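Notes to accompany the following structure.
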Amino acid sequence: MHVCQSCGKAFSLLGNLKRHLLVHTKEKPFTCEVCSKAFALQDNLKKHLLIHIKEKPKPYACEMCNKSYSELQTLKKHLMTHMKEKPYACTMCSKVFSHHQNLKLHLRTHTKEKPYACDTCSKAFSQLGGLKKHLLTHVKEKLYACVNCSKVFSCQEYLKEHLQTHTKPYACEICSEPFSQRRGLKSHLLTHTQEKPHACELCSKVFSEPFHLKRHLRMHTKVKPYSCETCNKTFSDQSHLKRHLLVHTKEKPYTCEVCSKAFSSQDSLKKHLLTHTKEKPYACEICSKSFSLQGNLKVHLRTHTEEKPYACEMCIKTFSRKGQLKDHLRSHTKEKPYACNICNKAFSFQGTLKSHLRTHTKEKPFACEICSKSFSAQGNLKLHLRSHTKEKPYACNICSKAFSQSGDLKIHLLTHTKEKSCVMKEKLFTCDMCSKAFSFRGNLRRHLRIHTNEKPYVCEVCKKGFSQNHHLKTHLRVHTKEKPYVCEVCSRAFSKKISLTMHLLKHS
């Protein structure tokens with residue numbers, strides 16, 4: 001046995017030890033003549049040289065499906081897919097594998113073993129590939145170049161996916177649609193035959209492909225076998241994990257040819273391209289409304305069918321969209337993942353954070369087309385427009401009185417209830433500082449500013465701050481000289497309602 005003096009690792013062959021020592025010496029004796037990049041191993045240089053060659057040589061062909069490979073070992077692994085033999089079983093969960101190495105990697109999901117550590121930040125990974133991808137976040141270097149368009153990628157896997165966008169050798173014999181991969185063509189052919197031979201035993205849903213069924217079953221079992229090495233987030237589908245990894249690498253390999261905007265996934269690019277074409281091929285058969293994406297049409301149809309397939313397991317409330325359920329769950333978990341980087345205030349929803357940030361930036365992007373008044377939130381503009389249109393969509397079902405805001409209707413309804421005094425006395429929101437109670441959360445929020453001395457409403461003319469918005473509105477009349485309250489007896493005008501009330505006493 002040949003033992004490494006630096007780390008104690010043992011090797012049966014002297015050549016293997018020599019190759020291993022390069023890890024410690026950082027020596028890279030093999031240099032690429034094209035781009036001068038250096039490598040510790042000759043095999044790695046050979047693999048690298050294929051990047052510079054337009055057509056990667058694949059001398060090892062499979063006799064069963066004619067698929068070819070550049071390495072013999074890869075072909076051997078591929079042959080196992082035809083044999084369907086999976087002799088290696090996990091003793092913990094009974095999952096079976098065709099290769100011993102795959103079983104070895106799988107066992108780490110149980111043992112949580114992470115033998116590959118980053119020398120820079122000490123972060124550990126269960127697979128060498130995960131460490132390699134992570135190392136690129138430190139070097140910030142893009143190593144893999146596309147020979148067709150000179151685009152570079154930090155990961156060879158992303159380059160492979162990108163190269164398929166240039167070539168589509170597999171064409172459908174029925175409709176001539178081309179595909180970059182054979183499996184894409186195979187899946188496509190089933191759209192012509194309408195064949196769906198794979199059925200779910202739990203809900204009877206049928207699928208054209210076995211992997212679609214396999215992926216669907218995870219909805220029932222809640223199994224998420226794909227884990228992110230960086231943040232440990234788990235996914236039920238490998239494609240979802242791949243898309244998630246781009247969050248960490250900040251990689252955006254898909255670029256729009258019209259406006260050069262870059263995207264992390266091909267789906268996002270496809271959706272974006274529709275903003276240029278304005279194409280809306282998916283039309284609703286009930287109301288003729290059209291959509292650019294089939295998914296949007298599917299969601300829209302639920303407004304007609306009133307279908308709400310996403311149910312909350314905590315309160316049985318149902319939703320038509322998965323995103324709505326996800327947002328709703330935070331009302332139970334009290335999770336606030338979106339934090340303001342200026343004041344550290346946290347929010348449950350990303351939209352709420354965006355609106356909040358405008359209180360710091362003073363940005364008001366939503367302008368009224370009638371009076372040019374601008375607002376920081378779209379909802380506030382919507383409410384304001386009703387002051388012009390006189391629209392009052394919230395009607396009382398007892399006396400038919402209508403209101404422009406739902407909050408005003410709620411307060412009005414208390415005037416009808418026989419238990420008015422009880423309802424009015426029911427004060428669920430209590431101040432933690434002085435124990436004063438309020439019927440409405442908004443009133444408590446306003447009250448708290450007395451204790452915190454917070455004055456978020458600032459006059460743009462004299463910079464005076466106010467704890468309540470209507471106090472600022474009243475103050476602004478000092479600058480504008482506006483006097484909206486007019487005495488009907490003598491026509492004298494006042495800037496405050498209380499001033500008019502006091503004045504009216506003189507006439508009585």
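Quick caveat: nothing in here was measured; it's all calculated off a predicted structure.
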Please tabulate, for side-chain N and O atoms in residues 320-333, each donor-acceptor pair with protein atoms closer than 3.5 Å (sequence neighbours left out).
from, atom 1, to, atom 2, distance (Å)
Ser320, OG, Gln324, OE1, 3.3
Gln324, OE1, Arg321, N, 3.3
Asp327, OD1, Arg330, NH1, 3.2
His328, NE2, His332, NE2, 3.2
Arg330, NH1, Ser348, O, 2.6
Ser331, OG, His328, O, 2.5
Thr333, OG1, Leu329, O, 3.3
Thr333, OG1, Glu335, N, 3.3

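Of all heavy-atom pairs spanning Cys200 and Leu217, the tightest one is SG-CD2, 4.0 Å. A pairwise comparison of heavy atoms in Leu105 and Ser126 identifies CD2-O, 4.3 Å as the closest pair. Across Leu297 and Tyr282, no two heavy atoms sit closer than the pair CD2-CB, 3.8 Å. Considering every non-hydrogen atom in both Leu245 and Cys228, the closest pair reads CD2-SG, 4.0 Å. Taking all atoms of both residues into account, the shortest heavy-atom contact from Leu273 to Cys256 is CD2-SG, 3.9 Å. Closest approach of Cys340 to Leu357, counting heavy atoms only: SG-CD2, 3.8 Å.
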Side chain to side chain contact (heavy atoms under 4.5 Å, CB included) assessment of Val223 paired with Ser236
CA-CA 6 Å; Val223 175; Ser236 59; over 6 Å; no

May I have the step-by-step check of side chain to side chain contact (heavy atoms under 4.5 Å, CB included) for Phe366 and Arg358, ending in yes or no?
CA-CA 11 Å; Phe366 305 100; Arg358 294 186 191 121; 3.5 Å; yes

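Within the model, atoms CG of Leu293 and NE2 of His300 stand 14.0 Å from one another, a figure rounded to the nearest 0.5 Å. Here the CG atom belonging to Asn443 is positioned 11.0 Å from the CG atom belonging to Leu448, to the nearest 0.5 angstrom. Once rounded to the nearest 0.5 Å, the distance linking NZ of Lys364 with CG of Leu381 reads 12.0 Å. For the atom pair OG1 of Thr234 and NZ of Lys222, the computed distance is 12.5 Å after rounding to the nearest 0.5 Å. Note: Lys233 NZ to Leu241 CG = 11.0 Å, rounded to the nearest 0.5 Å. Once rounded to the nearest 0.5 Å, the distance linking CG of Asn232 with NZ of Lys112 reads 7.5 Å.
Residues His106 and Pro225 form no side-chain contact, since every pair of their non-hydrogen atoms from C-beta on lies 4.5 Å or further apart.
Counting heavy-atom neighbours within 6.0 Å of Lys95 NZ, excluding the residue itself, gives a total of 12 or less.
For the side chain to side chain donor-acceptor pair (under 3.5 Å) test with His216, the passing option among His212, Lys214, Arg218, His220 is His220; the others fail.
Between Tyr88 and His100, the gap from one ring centroid to the other is short of 6.0 Å.
The backbone N or O of Ser355 sits nowhere less than 3.5 Å from a side-chain atom of Thr359 that would complete a donor-acceptor pair.
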